[in-house]
Amino acid sequence: LLREARVRVAGMVPAARCLLIASSEDVDAPVVLARRWAADQRAELIELQGSHLGPLLGRGWLEAAEATRHWLHLLAPA
């Protein structure tokens, strides 16, 4: 399923700035693939420690939220 999804979005480049959050220990979506996808899509990447959903649903949720808040703050007009 993930392989098929990667193929479908390979040619799509977002019109707006895009943030990708990757987990360093994710075996389903390895961080090396996330780095490649972010580069290909001109997306910004935040790499967090943890497994597949650990940084978002586990103990790392605060770090993920803070990193996302910081990224959104950078988008705000001065």
Legend entry - Heavy-atom side-chain proximity of Glu44 to Leu20 below 4.5 angstrom: no
Legend entry - Separation between OG of Ser23 and CD1 of Ile46, rounded to the nearest 0.5 Å: 11.5 Å
Legend entry - Student check: side-chain heavy atoms of Asp26 and Val31 closer than 4.5 Å: no
Legend entry - Minimum side-chain heavy-atom gap Glu63-Gln49 below 4.5 Å: no
Legend entry - For the student: nearest non-hydrogen atoms of Leu48 and Ala64, plus distance: CD1-CB, 3.4 Å
Inset, instruction - Answer yes or no: does atom CD of Glu25 have more than 12 heavy-atom neighbours from other residues, nucleotides or ligands under 6.0 Å? - result: yes
Inset, instruction - Using the side chain to side chain contact (heavy atoms under 4.5 Å, CB included) rule, take Arg42 and Arg17 through it: C-alpha gap first, then chi angles, then the decisive distance, then the call. - result: CA-CA 8 Å; Arg42 295 191 301 262; Arg17 290 178 69 180; over 6 Å; no
Legend entry - Shared hydrophobic cluster, Leu75 / Leu19 (ILVMFWY, side-chain heavy atoms < 4.5 Å): yes
Legend entry - Interatomic distance, Trp71 atom CH2 to Leu45 atom CG [nearest 0.5 angstrom]: 12.0 Å
Inset, instruction - Starting at CG of Leu62, measure out to CZ of Arg69 and round the result to the nearest 0.5 Å. - result: 10.5 Å
